[in-house]
S.K.: 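Quick one: this structure, given as structure tokens, is what I'll be asking you about.
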Number of protein chains: 2
Amino acid sequence: MSQEKSTEEQIIAAAKKIFLQKGLAGARMQDIADEAGINKALLHYYYRSKDKLFDIVFDEAFDKVISRLSTIISTNMSLPDRIRSIVRGYIEGLAENPHLPLFILNELQQDPELLIRKFKAKPNFPNLQLFLMEIARAGEQGTIRKISPIQLMINILSLCVFPFAARPLLKGVVGMDDVQFRLLTEERKELVADFILKAIEP
Amino acid sequence: MSQEKSTEEQIIAAAKKIFLQKGLAGARMQDIADEAGINKALLHYYYRSKDKLFDIVFDEAFDKVISRLSTIISTNMSLPDRIRSIVRGYIEGLAENPHLPLFILNELQQDPELLIRKFKAKPNFPNLQLFLMEIARAGEQGTIRKISPIQLMINILSLCVFPFAARPLLKGVVGMDDVQFRLLTEERKELVADFILKAIEP
DNA sequence: CTTTGCATTAACCAAATGGTTAAACTTTAT
DNA sequence: ATAAAGTTTAACCATTTGGTTAATGCAAAG
């Protein structure tokens, strides 16, 4: 292990790894210290408590998930191109952090407060509203089939996110190894976009 | 609380509720005992250890998930009708146990062994193979668009399962309450089937 | 009624776990 | 060089937690 990063950064990196893998309840402070290669007391020296450390990791993870979505969503493209961009970008982003979906969904279920706190800081996702309205408009104009905007959004999200959450299942049931999963994911960047666009074609 | 069930059944019911809600790492034996309204020692008297109790709960949960899928999958219908049945039945089943998806996915990631053990008992999901082959055949015959059978299966599963896993997110981000969620779910029984069938139309 | 065997409980135990502390070590400033 | 400030560690502490036990309750069999 190279020792280039500062202790604080080492701790955050280790905490990310352990928390994302085991969740808040399953993670042990000792695990994080071991992963970082430091004494357990340093975790408290720099970050006070397990909860404080977790909050930082969760916030960062959550930001990573929505910031990417946010930027893609607010580009100036036709709806089909936009959807293609969203799918491609989202799958790409998750491929770099495959543990993110299950981690966030799970911790959110354990403690919905995490979200509330989050949305008091950042305004309530303004670009999402615009996106939903555009879907509604496209439906009216006949550019795409009429479909409840929220339902379509859920469909897009489902198709992008679920495979990462279900990775262990795919591994176990159809014996999919890491390489196959990588290929499957790669193929999905276009396949899912095609699938959605065909489904909402007028 | 009515006291009709035997102690063993009470324990299993309580364990299900707590484990499904908090997961293996987050659940406390005391929580389960309290939920069942009995002394903690009884848990060990009847089921030996936390792990043993968890195994029973997990196995039952997993069976519920795949048995329903299994029976629907092996009916004699046209592929479109079959897909419609799968979607409808699956969403309906999950609506009765909304915690199931996140629970299973999460515990599976914590310990992939759970699956291995499971597939040593039951033969490796024979009807699934048939279903995949039928998708391939329908693709060749032009009944549906050509699509990788596994990808299509993942798409179907994604659209059915993900909303249940993302429930806290929907609650937090678009302020969806229980009633709205119920309606959304109900609508999805047909909407998702339409969506998929339109997407794979030749 | 009493004995026998199962069910149930309160009290207890040992290990794990989040957190603290005092001392040692390192770096920086004077 | 030395003092001061910040960093790191081993040892320790209090609480939580899974698990055990010995005693009590209780129903059915004798």
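All values below were derived from every heavy atom in this structure, side-chain atoms included, with hydrogens, water molecules and symmetry-related copies excluded. This structure is a prediction, so every number in the text was calculated from the model and none was measured. Reminder, nothing fancy here: chain letters follow the sequence lines and each chain counts from 1.
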S.K.: Should the pair B:F58 and B:F103 be assigned to parallel (<30°), tilted (30 to 60°) or perpendicular (>60°) ring geometry?
M.R.: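 If you compare the ring of B:F58 with that of B:F103, the planes turn out tilted.
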
S.K.: Does B:R82 make a cation-pi contact with B:F131, if we ask for NZ or CZ under 6.0 Å from the ring centre and within 45° of the axis?
M.R.: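 No, cation not above the ring by the 6.0 Å, 45° rule.
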
S.K.: Sort me out a list of protein N/O and nucleotides 7-10 of chain C N/O pairs below 3.5 Å, or just none if empty.
M.R.:
unit_1	atom_1	unit_2	atom_2	d
C:dA7	OP2	B:Y45	OH	2.8
C:dT8	OP1	B:T7	OG1	3.1
C:dT8	OP2	B:T7	OG1	3.2
C:dT8	OP2	B:Y46	OH	3.0
C:dT9	OP2	B:N39	N	3.0
C:dA10	OP2	B:N39	ND2	3.3
C:dA10	N7	B:N39	ND2	3.2

S.K.: Round to the nearest Å and state the distance from B:Y47 atom OH to D:dG18 atom C1'.
M.R.: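 About 18 Å, once rounded to whole Å.
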
S.K.: Sequence neighbours left out, what pairs pass salt bridge (Lys or Arg N to Asp or Glu O under 4.0 Å) with at least one residue falling in residues 89-115 of chain B?
M.R.: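 Of all non-adjacent pairs touching residues 89-115 of chain B, those that pass salt bridge (Lys or Arg N to Asp or Glu O under 4.0 Å) are B:E92-B:K189.
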
S.K.: Which word best sums up how the rings of B:F195 and A:F195 line up, parallel for under 30°, tilted for 30 to 60°, or perpendicular for over 60°?
M.R.: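 Judged by the thresholds at 30° and 60°, the geometry between B:F195 and A:F195 is tilted.
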
S.K.: Does A:A33 reach a base, just sugar-phosphate, or nothing at all? Heavy atoms under 4.0 Å.
M.R.: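 Here A:A33 touches no strand at all.
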
S.K.: Less than 4.0 angstrom between a side-chain N/O of A:H44 and OP1 or OP2 of C:dT20, yes or no?
M.R.: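 So the side-chain polar atoms of A:H44 never come under 4.0 Å of the phosphate oxygens OP1 or OP2 of C:dT20.
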
S.K.: With a 4.0 Å cut-off on N to O distance, would you call A:D34 and A:R28 a salt bridge?
M.R.: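 No, no charged N to carboxylate O under 4.0 Å.
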
S.K.: How many Å lie between CG on B:D31 and P on D:dT16, as a whole number?
M.R.: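 B:D31 atom CG is separated from D:dT16 atom P by 13 Å.
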
S.K.: Please report the distance, rounded to the nearest Å, between CE in A:M29 and P in D:dT16.
M.R.: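 It is 17 Å, rounded to the nearest whole Å.
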
S.K.: Output the rounded distance in Å from NZ (A:K50) to C1' (C:dT20).
M.R.: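 Result: 17 Å.
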
S.K.: My understanding is that only one of B:K22, B:K17, B:K40, B:K50 makes a salt bridge (charged side-chain N to carboxylate O under 4.0 Å, His left out) with B:D31; could you say which?
M.R.: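 The option that passes is B:K22.
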
S.K.: With a non-hydrogen cut-off below 4.0 angstrom, is B:A25 in contact with a base, only sugar-phosphate, or nothing?
M.R.: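 Counting heavy atoms under 4.0 Å across all strands, no contact is made by B:A25.
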
S.K.: D:dG18 C1' sits how many Å from B:L43 CG, rounded?
M.R.: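 Computing the B:L43:CG to D:dG18:C1' distance gives 10 Å.
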
S.K.: Expressed in angstrom and rounded to an integer, what is the separation of A:R28 atom CZ from C:dA16 atom P?
M.R.: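 Nearest whole value for this atom pair: 11 Å.
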
